[in-house]
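Below is one structure, written out as structure tokens; the observations come after it.
Here the structure is a predicted model, which is why all the values come from computation and not from measurement.
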Amino acid sequence: MAEPDGSGAARRPRLGVNIDHVATVRNARGGATPDPVRAAHLAVQGGADGVTAHLREDRRHIRDDDMRRLKQELAVPLNFEAGATAEMVAIALEILPHAVCLVPERREERTTEGGLDVIGLRRELKPMIADLSAAGVRVSLFVEPEPAVLEAAAELGAPVVELHTGAFCLRHDAGDHAGAARELERIRAAAAAGDRLGLEIHAGHGLSFDTVRPVARIPQIAEFNIGHFLIGEAIFTGLAAAVATMRRLILEAREARDVP
């Protein structure tokens, strides 16, 4: 996550690549391969502006040593995705990535299923955000695209929110055109509202070559964080090529945002 340019909307949207599921494949068999850090370097070769990795409580994919190696080896920003817990904040304060994105986390879920309960967790989140910010780490909150949630995030002092795009992607992929249109409008309205509050707006979850286009036309979104689809596509085309295609589609969609 680079610093905002101060223009209110992003001049050129960034792409962050989540390499979690390279580690999922590694851990399925054990051993050291495939190496998620190697995947991170390939993503950068393909044009990624940053790398995201989620250190889960149960260490189901990314491990502590992966995070340390990513911080040591990467020349691009590292976005440390983590549950809003004292353990994860302590690890982040040790590693000092460029950014930390606080997300909801439940052991039984396959992937993050919704946004962080920013309103209900105000008391817990406030000192975490303050401690990370004091250490020079940019804090992002993974949230549902709702105005009240964005207002709470701004009040807590988080400079960035990442809008959960999963509901839109599910409806789009199911052929629910009306439902997808409603969810896209929620994202569009939330991005505009967050921008007015002075928040930097990111987006992610479930995005593919097809679903990224309409979201990328939203001018306030400064960064897209995409993982599972790109790792899957890499099986067929290679990771650098998949990242390069995603980056091209995002930039083309942003340039064509005024086209219906």
Side-chain angles (χ1 to χ4, degrees), residues 13-29 33-63 66-67 70 78-83 99 101-116 140 142-145 162-174 180 183 187 202-216 221 223-250 253:
R14 302 183 299 272
L15 172 61
V17 175
N18 187 314
I19 45 83
D20 289 354
H21 295 302
V22 175
T24 300
V25 176
R26 175 195 63 190
N27 296 354
R29 186 165 182 172
T33 59
D35 181 10
V37 178
R38 182 183 178 191
H41 288 302
L42 286 171
V44 174
Q45 287 178 27
D49 299 289
V51 170
T52 293
H54 184 173
L55 184 66
R56 282 183 170 268
E57 180 186 30
D58 60 8
R59 309 309 197 264
R60 70 178 68 169
H61 37 62
I62 294 296
R63 299 169 180 162
D66 296 328
M67 297 303 305
L70 287 166
L78 172 61
N79 180 28
F80 184 160
E81 202 170 273
C101 182
L102 297 175
V103 303
E105 185 176 309
R106 296 186 298 119
R107 281 180 180 267
E108 63 272 20
E109 68 186 3
R110 291 186 180 182
T111 184
T112 305
E113 296 172 347
L116 192 64
S140 173
F142 185 72
V143 300
E144 291 298 319
E162 181 170 328
L163 301 180
H164 180 220
T165 55
F168 161 70
C169 294
L170 284 173
R171 285 162 176 74
H172 178 282
D173 293 346
E183 292 298 332
I187 296 168
H202 297 180
H205 200 81
L207 293 168
S208 67
F209 289 157
D210 291 331
T211 54
V212 79
R213 296 171 187 262
V215 182
I221 297 178
E223 181 172 302
F224 296 83
N225 286 298
I226 304 173
H228 183 267
F229 174 82
L230 288 173
I231 302 306
E233 190 69 14
I235 296 171
F236 306 103
T237 68
L239 184 55
V243 171
T245 299
M246 182 65 78
R247 185 171 183 270
R248 175 177 59 80
L249 292 174
I250 289 170

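- Contact of the C169 side chain with the L207 side chain is registered, since non-hydrogen atoms from C-beta on lie closer than 4.5 Å.
- At distances below 3.5 Å, at least one donor-acceptor pair connects side-chain atoms of E144 with backbone N or O atoms of G115.
- Side-chain atoms of L163 and H202, non-hydrogen and from C-beta on, never get closer than 4.5 Å to each other.
- Within the 6.0 Å centre-distance limit, the rings of H164 and F142 are counted as a close aromatic pair.
- Considering CG of D35 and NE2 of H41, their distance stands at 8.0 Å, rounded to 0.5 Å.
- Distance alone, capped at 3.5 Å, is enough to place a donor-acceptor pair between the R247 side chain and the G47 backbone.
- Rounding to the nearest 0.5 Å gives a distance of 13.0 Å between CZ of R26 and NE2 of H21.
- Put simply, the side chain of R59 gets close to the backbone of E57: a donor and an acceptor are under 3.5 Å apart.
- With sequence neighbours left out, the side chain to side chain contact (heavy atoms under 4.5 Å, CB included) criterion links I62 to I19, D20, A23, P36, A53, L55, D66, M67.
- Taking S208 as the reference, D210, T211, F229 meet the side chain to side chain contact (heavy atoms under 4.5 Å, CB included) condition, with sequence neighbours excluded.
- Side-chain N or O atoms of N27 include one that pairs as donor or acceptor with a backbone N or O of R60 at under 3.5 Å.
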Exercise for review: Dump the intermediate steps for side chain to side chain contact (heavy atoms under 4.5 Å, CB included) on I226 and M246, then the final yes or no.
Suggested key: CA-CA 9 Å; I226 304 173; M246 182 65 78; 3.7 Å; yes
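- Panel note: side chain T165, backbone G204; a donor-acceptor pair is recorded below 3.5 Å.
- Under the side chain to side chain contact (heavy atoms under 4.5 Å, CB included) criterion, A48 pairs with V17, A43, V243, not counting sequence neighbours.
- Taking 4.0 Å as the cut-off between side-chain N and carboxylate O, D58 and R56 do not count as a salt-bridged pair.
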